[in-house]
Amino acid sequence: MPSKSTLLWFRRDLRLGDHPALTAAAARGTVIPVFIHDDSVANLGAAPKWRLGLSLECLGAALEAKGSRLILRRGPALEVLEELIEETGVDAVYWSRLYDGTAQERDSRVKEELGNNGIEAKSFGGHVLFEPWTVATQQGNFYKVYTPFWKSVRDREVDTPLPAPDLTAPSEWPGSEALPDWELGAGMARGESIVRRFANPGESAAQSRLGAFMAQGVDEYATRRDLPAEDGTSNMSEHLTTGEISPAQLWHAALREEKDGKAGAETFRKELVWRDFAYHLLYHTPRLTEGNWREEWDAFPWNEDERRKEVTAWKQARTGIPIVDAGLREMYVTGRMHNRVRMNVASYLSKHLMCHWLIGLKWFEDCLIDWDIANNALGWQWAAGSGPDAAPYFRIFNPETQAKRFDPDHAYIKRWIAEGQENPSKDALSYFDAIPASWGLSPSDPYPAPIVSADEGRKRALDAYENRGF
DNA sequence: TCTTTGTTTAT
DNA sequence: TAAACAAAG
């Protein structure tokens, strides 16, 4: 019986379990997995690009363990897919949907062109819990506020995660490029030596981490997740953004714990829904990533010049505000930053330093191994106050109050700031190994005085807010 | 997913 | 005197 053959186009779904597109492809017949290095990869920031390489390595190995392979090709997606169709004679291309404007545009063109040539081009869910067009208000609009969004989805059914399918290999494999030749870590000089200690790539790593979190962490998640010195978060972000794990797998794992009476499990589901909310907004308003979601904020006098000394001090983590510098250093060294601290560094840049949040968004995009296009954009707009779900007051964090409340014994700050300490931690010192020599910083430098103090910055930002003209 | 200020309550 | 609370931005 002639079996059908499908190209499975991997993008941000680098797993075999709970993969609806892969499962459907496997059910049709032979599967040829492919990852394409197109502009969406070329344009990634240094850290996400490097992290992607680790994930691809793991996916390739996992496929080989199933008698399959990951074919790597470089070029515009449509051209590459057409070449592969020609070479292999497949009659279908399957993939998991993405929701940002660039990907949507590319994918609908691919779908149309391949469809015109008699190829079945089909997209599947899996990247989010709820397709953005399936969540709507009574009036039929998309949601702009988190809490009603949460209420509308909290009790919804989420499909039970699928097992990894068996894969049938083609009789002949098309040629593949070699992953090392792509040099995905080239922009990441600090990658191998420093960040590699913290990255945890691959589907099986994601599953063990999830297991550990559900066994131990989730019960106290609601309280511990806010304390940056503790390992109280799920640590799932780098897996979610690469698709090494699916949100549905996390949702169901949390539901099981919720039924067992684990206190933090619902809080964890709420955090998953924040991610979905970000994708919901991104899908309905793609400009979320590009500028003030509330256009009246264009009148706010943010500095947009990246060369300003405040921006340099912020990027180099020498603002003189310990919680801010600690967070920026954690990000530089580990590729991640505790969420509580993300809010603080974002607030300090956009309010105290009066610098445009897009400058910060781009720096995060370059530095975070868990960079997620929707989460990053919503997070920055939220902190800046320019986004949907805005507070009815001028949102401005006090970095001193926040440090007192969430890092009362300075454990987090001490972990990441070397200057002025007799015995700096290994992590604090590793920041100085990671940064470029051209920054000219040394752990024996004195810790700088605040470039803008908590009080002074608050006053200045409030003043700008009151005179903003809207 | 906040901060400040002023007031009340507990010790 | 500090902690808890309420209100307003």
Side-chain angles (χ1 to χ4, degrees), chain A residues 143-151 153-154 217-218 220-230 232-237 254 263-281 293-294 296-297 300 321 323-324 327 336-354 357 360-361 364 370 372 374-408 412 450 452-470:
Chain A
Y143 280 96
K144 301 177 185 69
V145 182
Y146 172 76
T147 304
F149 182 85
W150 160 251
K151 285 184 180 153
V153 300
R154 59 187 295 174
V218 74
E220 291 184 273
Y221 178 75
T223 45
R224 290 217 310 153
R225 63 177 289 274
D226 254 333
L227 306 171
E230 299 200 26
T233 65
S234 72
N235 291 305
M236 284 294 126
S237 56
E266 189 188 52
T267 309
F268 180 66
R269 276 203 302 133
K270 277 187 172 167
E271 292 304 309
L272 280 179
V273 168
W274 266 106
R275 175 179 176 277
D276 251 60
F277 181 53
Y279 275 100
H280 180 79
L281 287 165
W293 191 89
R294 295 181 188 275
E296 64 268 28
W297 279 83
F300 195 73
I321 304 290
I323 187 89
V324 171
R336 296 186 300 161
M337 193 196 304
H338 193 279
N339 184 57
R340 168 60 46 192
V341 189
R342 292 188 199 208
M343 295 189 276
N344 276 277
V345 304
S347 173
Y348 187 75
L349 180 72
S350 61
K351 302 290 165 59
H352 293 77
L353 297 185
M354 289 289 292
W357 57 270
L361 173 142
F364 273 32
D370 68 6
D372 176 289
N375 275 338
N376 196 39
L378 182 62
W380 276 97
Q381 297 246 24
W382 182 89
S386 59
D389 201 35
Y393 48 84
F394 188 58
R395 182 174 273 143
I396 176 162
F397 280 59
N398 182 329
E400 289 168 357
T401 310
Q402 288 273 310
K404 242 178 230 147
R405 191 179 306 160
F406 298 108
D407 190 33
Y412 177 77
V452 175
S453 75
D455 283 351
E456 181 195 344
R458 178 185 171 79
K459 281 199 197 92
R460 199 170 61 168
L462 263 173
D463 195 53
Y465 179 70
E466 276 152 17
N467 297 307
R468 71 199 184 282
F470 62 87

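So that the names make sense, note that chain A is the first sequence line, chain B the second, and so on, each numbered from 1. Hydrogens, waters and symmetry mates play no part in the numbers below; they use all other heavy atoms, side chains included.
Residues satisfying the side chain to side chain donor-acceptor pair (under 3.5 Å) test with A:Arg154, not counting sequence neighbours, are A:Glu266. Partners of A:Thr147 by side-chain contact (heavy atoms from CB on, under 4.5 Å), not counting sequence neighbours, listed by chain and number: A:Lys151. Judged as a side chain to side chain donor-acceptor pair (under 3.5 Å), and not counting sequence neighbours, the contacts of A:Asp370 are A:Ser237, A:Arg342.
In this structure, A:Trp150 atom CH2 and B:dT1 atom P are separated by 14 Å, rounded to whole Å. Computed from coordinates, the A:Arg225 CZ to B:dT1 P distance equals 11 Å when rounded to whole Å. One can place OH of A:Tyr146 at 18 Å from C1' of B:dC2, the figure rounded to the nearest angstrom. Distance, A:Lys404 NZ to B:dC2 P: 17 Å, rounded to whole Å.
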Which side-chain N or O atoms in residues 383-393 of chain A pair as donor and acceptor under 3.5 Å with protein atoms at least two apart or in another chain?
from	atom 1	to	atom 2	distance (Å)
A:Ser386	OG	A:Trp357	NE1	3.4
A:Ser386	OG	A:Gln381	OE1	2.8
A:Asp389	OD1	A:Tyr146	N	3.3

Residues 452-466 of chain A side chain polar contacts: donor-acceptor under 3.5 Å, at least two apart:
from	atom 1	to	atom 2	distance (Å)
A:Ser453	OG	A:Glu456	N	3.1
A:Arg460	NH2	A:His352	O	2.7

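For B:dT3, the OP1/OP2 oxygens have a side-chain nitrogen or oxygen of A:Gln402 closer than 4.0 Å.
Within 4.0 Å of A:Leu462, counting heavy atoms only, lies no atom of the nucleic acid at all. Across all strands, A:Phe397 comes closer than 4.0 Å only to sugar-phosphate atoms, never to a base (heavy-atom distances). Within the nucleic acid shown, A:Glu271 comes within 4.0 Å of at least one base atom, counting heavy atoms only.
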Produce the list of close N/O pairs, under 3.5 Å, pairing protein atoms with atoms of nucleotides 4-10 of chain B; give distances to one decimal.
from	atom 1	to	atom 2	distance (Å)
B:dT4	OP1	A:Asn398	ND2	3.0

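The base of B:dT1 has none of its N or O atoms less than 3.5 Å from a complementary donor or acceptor on the side chain of A:Trp382.
Using a 30° and 60° split on the angle between ring planes, A:Tyr143 and A:His280 fall in the tilted class, from 30° to 60°.
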